[in-house]
Amino acid sequence: MTIVNSPRIVQVRQQVLKKNDVLARQLRERYAAAGVFVVSLVSSPGSGKTTFLRETLLRLVGSYKVAALVGDLATQNDANRLAESGAPVRQIVTGTVCHLEAEMVEQATAAAGWALEDLDFLFVENVGNLVCPASYDLGEDLRVVLLSTTEGEDKPLKYPTIFNTSDMAIITKCDIADAVGFDRAAALASIDSVRPGLPVLELSAKTGAGVDAWMDLLKARRTGKTVTVAATI
């Protein structure tokens, strides 16, 4: 699979005057200077996002310095599940706000006392929502949109903006694809129709199938960023 480094639509819009976009740009510069690779995850509720992130953290803890921020409307449940991985986790309770903003990420990182220079990876799990998060750049290096086999193959057609503003898509719960009658070809066609060339990974966090490819991609992308930053200093 080849990652396409095409600009995101959210960047093309050049909404640099908006407060969030300005702060996101500043965060991106700070992340680059610190050498931390930042990944944000977006999806609808029930896509398996927390299970996927927990599996990711479990595979990184011990070899890399990782931390995670989790957005949720009301509970600490997801943070508690992720903390089982051994990685430091902080919940961002958003109340009635259906997305995370760059300021929330900045404040939560500071409140947790995490020094960016001490981290290799910072993960941000957004609130389960395929609409609002699309409009808010968080300064991340990689935005990943998750689509589960239980959601329906036409989700990308219904929510094209979140796929347009993401760097790659991951199809989750592939272990039950046959049981739920998932039409793989239709789903891939839906993704490609709204974002031609968007890289797609298919995996199951439950069985581990496909997760190695995700881990290889993460590590390669972080190494690439570190090399690029070092080359520019």
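What you see below is based on every heavy atom in this structure, not just the backbone, and it leaves out hydrogens, waters and symmetry mates.
Once rounded to the nearest 0.5 Å, the distance linking NE2 of H99 with CG of N20 reads 7.5 Å. One finds the CD1 atom of I176 at 4.5 Å from the OG1 atom of T149 (value rounded to the nearest 0.5 Å). Here K18 contributes atom NZ and L23 contributes atom CG; the two are 14.5 Å apart, rounded to the nearest 0.5 Å. Once rounded to the nearest 0.5 Å, the distance linking NZ of K206 with NZ of K173 reads 10.0 Å. Going from atom CG of L116 over to atom OH of Y31 covers 6.5 Å, rounded to the nearest 0.5 Å. Here the straight-line distance linking atom CG of L201 with atom CG of L217 works out to 6.0 Å at 0.5 Å rounding.
At least one donor-acceptor pair under 3.5 Å links the side chain of N129 to the backbone N or O of C98. A donor-acceptor pair under 3.5 Å links the side-chain atoms of D167 to the main chain of R143, judged by distance alone. Of the possible polar contacts, one joining the R195 side chain to the N164 backbone as a donor-acceptor pair under 3.5 Å is found. Judged by distance alone, with hydrogens and angles left aside, the side-chain atoms of T172 form no donor-acceptor pair with the main-chain N or O of G48 at under 3.5 Å. No donor-acceptor pair closer than 3.5 Å links the side chain of S166 to the backbone N or O of F163. A donor-acceptor pair under 3.5 Å links the side-chain atoms of T207 to the main chain of A209, judged by distance alone. For Q91 (side chain) and V70 (main-chain N/O), a donor-acceptor pair under 3.5 Å exists by modelled atom type. Remark: side-chain polar atoms of E140 are paired, donor with acceptor, to backbone N or O of L138 under 3.5 angstrom. In terms of modelled atom types and a separation under 3.5 Å, the side chain of D175 and the main chain of S204 share no donor-acceptor contact.
Looking only at side-chain heavy atoms (C-beta outward), L69 and W114 come within less than 4.5 Å of each other. Contact of the V144 side chain with the V39 side chain is registered, since non-hydrogen atoms from C-beta on lie closer than 4.5 Å. Using a 4.5 Å heavy-atom threshold, the side chains of V42 and E125 count as separate. For the pair T109 and L122, the minimum side-chain heavy-atom distance is below 4.5 Å. Inter-residue side-chain proximity for T50 and L82 is flagged as met; some heavy-atom pair is nearer than 4.5 Å. Looking only at side-chain heavy atoms (C-beta outward), V200 and I170 stay at 4.5 Å or farther from each other. Within the 4.5 Å cutoff, no side-chain heavy atoms of T161 are placed close to those of V194. Considering only heavy atoms from C-beta on, L41 stays 4.5 Å or farther from N126 through its side chain.
Side-chain atoms of E151 and S44 form a donor-acceptor pair, as typed in the model, at a separation below 3.5 Å. A side-chain donor from one of T51 and R81 sits under 3.5 Å from a side-chain acceptor of the other. S43 and K49 share a donor-acceptor pair across their side chains, judged by distance under 3.5 Å alone.
Closest approach of A87 and V61 over heavy atoms only: CB-CG2, 3.8 Å. The two atoms that bring S47 and S148 nearest to each other are O-CB, 3.6 Å, heavy atoms only. Of all heavy-atom pairs between E202 and C174, the closest is CB-SG, 3.8 Å.
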- Please report the C-alpha distance between F123 and L60 in whole Å, then the side-chain angles of each, then the deciding distance to 0.1 Å, and finally whether the side-chain contact (heavy atoms from CB on, under 4.5 Å) criterion is met. CA-CA 12 Å; F123 293 89; L60 290 174; 3.6 Å; yes
- Task: Evaluate the criterion side-chain contact (heavy atoms from CB on, under 4.5 Å) for residue pair N77 and D72; output intermediate values, then yes/no.
- Result: CA-CA 9 Å; N77 294 348; D72 193 274; over 6 Å; no
- Task: May I have the step-by-step check of side-chain contact (heavy atoms from CB on, under 4.5 Å) for M168 and V145, ending in yes or no?
- Result: CA-CA 7 Å; M168 67 175 298; V145 58; over 6 Å; no
- Message: Working note: F37 + L218, criterion side-chain contact (heavy atoms from CB on, under 4.5 Å); need CA distance, chi angles, decisive distance, verdict.
- Response: CA-CA 9 Å; F37 191 75; L218 267 183; 4.2 Å; yes
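In this structure, E153 does not pair ionically with R184, as no charged nitrogen and carboxylate oxygen lie closer than 4.0 Å. A salt bridge does not link E101 to K19: none of the charged nitrogens lies less than 4.0 Å from a carboxylate oxygen. A salt bridge is defined here as a Lys NZ or Arg NE, NH1 or NH2 lying under 4.0 Å from an Asp or Glu carboxylate O, and K158 with D154 meets this definition. Salt-bridge formation is not detected for the pair R222/D141: no Lys NZ or Arg NE/NH1/NH2 atom is positioned less than 4.0 Å from an Asp or Glu carboxylate oxygen. Ionic pairing of R25 and D137 is not present here: no N-O contact between side-chain nitrogen and carboxylate oxygen is shorter than 4.0 angstrom.
Heavy atoms from other residues, nucleotides or ligands lying under 6.0 Å from NZ of K65 number more than 12.
Aromatic ring pairs are classed by plane angle as parallel below 30°, tilted from 30° to 60° and perpendicular above 60°; the pair F121 and Y64 is perpendicular.
Follow the hydrophobic side-chain contacts under 4.5 Å out from V38 and you never reach V66; the two are in separate clusters.
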